[in-house]
There are 2 protein chains.
Amino acid sequence: MKIGQRYTEVRKKIFTAIEKMDKPVSAQEIYDYIKQNYEEVDLASIYRNLELMNKSDAVNVILFGEGKKRYELKNMKGHHHHLFCEGCGDIKDIEMKEENLIKNVKNKEGFVIKKHNLEFFGLCPNCQ
Amino acid sequence: MKIGQRYTEVRKKIFTAIEKMDKPVSAQEIYDYIKQNYEEVDLASIYRNLELMNKSDAVNVILFGEGKKRYELKNMKGHHHHLFCEGCGDIKDIEMKEENLIKNVKNKEGFVIKKHNLEFFGLCPNCQ
DNA sequence: TTCATTATTGCAAATGATTTGCAATATGTC
DNA sequence: GACATATTGCAAATCATTTGCAATAATGAA
């Protein structure tokens with residue numbers, strides 16, 4: 001997995017931050033984490049790296065309609081989806097077979113499917 | 001389906017705009033459509049109404065990672081998902097049974113599922 | 001190891017979507 | 001028609017993300 005041309009300190013920190021927080025995180029959360037655990041890194045650099053990481057398939061972009069993107073490392077876990085709590089924003093992973101689902105979509109409309117996202121929205125035990 | 005307390009001209013225009021454009025549309029697209037077909041409506045009013053319409057279940061919010069939200073009328077079509085072309089932004093509806101999928105998620109993690117979104121990303125015939 | 005090339009970073013400013021305060025206006029009610 | 005207040009327009013604010021540019025750091029060559 002090649003991100004850009006150089007393996008920089010900033011890049012290492014971003015990787016570590018996402019890995020340690022162990023959930024889909026926003027650019028701002030990565031920024032905050034790094035600020036508290038290492039020397040500060042500019043937000044713009046984080047955004048630029050996240051875009052690179054996304055293009056090189058190192059991270060997934062996850063959307064919950066909060067008005068911002070979340071990122072998670074791709075190699076850490078198998079393919080999965082998420083449960084997003086509308087109450088507290090808590091996020092849980094879910095595993096699910098969906099071969100049939102995906103199979104049915106392929107070749108429909110002549111599209112070439114490159115990616116799909118399935119997210120569930122609801123309330124976690126604490127928020128019900 | 002009750003949106004706010006009054007059935008205003010602005011509200012009518014927004015409904016008509018979304019219906020006529022017949023695809024998931026952004027607030028800006030609704031604004032542009034109305035500007036061309038009726039008297040202009042303030043963007044802020046459109047946003048305020050879209051939020052109301054979402055809370056009262058009149059519209060679905062759809063996310064394709066473009067950095068903005070799209071809205072579609074809920075009553076127009078049955079439950080469906082979308083194919084979003086990363087090349088040109090073209091959007092197609094797809095129908096799919098997913099009873100099993102959803103059934104499997106219910107009662108998992110103690111979440112109460114209120115909504116789920118499944119989006120596919122790829123390239124349409126023109127963009128391949 | 002030092003040097004040179006250029007990818008990457010920090011900083012500041014710009015952009016785009018969305019939100020908010022507030023006074024003016026329009027809608028439903030009596 | 002007059003009132004009470006939901007809704008709108010306008011302007012400014014906010015938040016996430018992007019961009020220009022000069023300074024800095026990573027990597028390959030000498």
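- Rounded to whole Å, the distance from CG on N54(B) to C1' on dT19(C) is 15 Å.
- At the heavy-atom level, E51(A) lies nowhere under 4.0 Å from the strands shown.
- Each of dT19(C), dT8(C), dT9(C) was ranked by its minimum atom distance to the side chain of A44(B); first place goes to dT19(C).
- Taking only distance into account, the side chain of R6(A) meets the base of dT6(C) through a donor-acceptor pair shorter than 3.5 Å.
- The separation between K69(B) atom NZ and dC15(D) atom P is 15 Å, rounded to whole Å.
- Here dT27(C) is the nucleotide among dT8(D), dT27(C), dC11(C) with the atom lying nearest to any side-chain atom of E9(B).
- Side-chain contact, Q28(A) with D32(A): a donor N or O sits under 3.5 Å from an acceptor N or O.
- Both I18(A) and L43(A) sit in one connected hydrophobic cluster of ILVMFWY residues. Membership requires side-chain heavy atoms under 4.5 Å apart, directly or through other members.
- If you measure from atom CG of L43(B) to atom P of dA12(D), you get 16 Å, rounded to the nearest angstrom.
- Spacing between atom NZ of K13(B) and atom C1' of dG9(D) amounts to 12 Å, rounded to whole angstrom units.
- At least one side-chain nitrogen or oxygen of Y47(B) sits closer than 4.0 Å to the OP1 or OP2 atom of dT18(C).
- N49(B) places its CG atom 15 Å from the P atom of dT20(C), with the value rounded to the nearest Å.
- Heavy-atom distances to DNA chain C give each of D42(B) and T8(B) a nearest nucleotide, and the one nearer the 5′ end belongs to D42(B).
- If you take CD of E40(A) and C1' of dT9(C), they are 13 Å apart, rounded to a whole angstrom.
- Distance CD1 (I46(A)) to C1' (dT18(D)): 14 Å, rounded to an integer number of Å.
- Formation of a donor-acceptor pair under 3.5 Å by the N54(A) side chain with backbone atoms of L50(A) is not found in this model.
- The base of dT18(C) does not come close enough to the side chain of R48(B) for any donor and acceptor atom to sit less than 3.5 Å apart.
- Formation of a donor-acceptor pair under 3.5 Å by the R11(B) side chain with backbone atoms of R6(B) is found in this model.
- Around the NZ atom of K12(A), the shell of radius 6.0 Å holds more than 12 heavy atoms that belong to other residues, nucleotides or ligands.
- Across dT19(D), dT8(D), dG28(C), the shortest atom-to-atom separation from the side chain of R11(B) is found for dT8(D).
- If you take CD of E66(A) and P of dT17(D), they are 10 Å apart, rounded to a whole angstrom.
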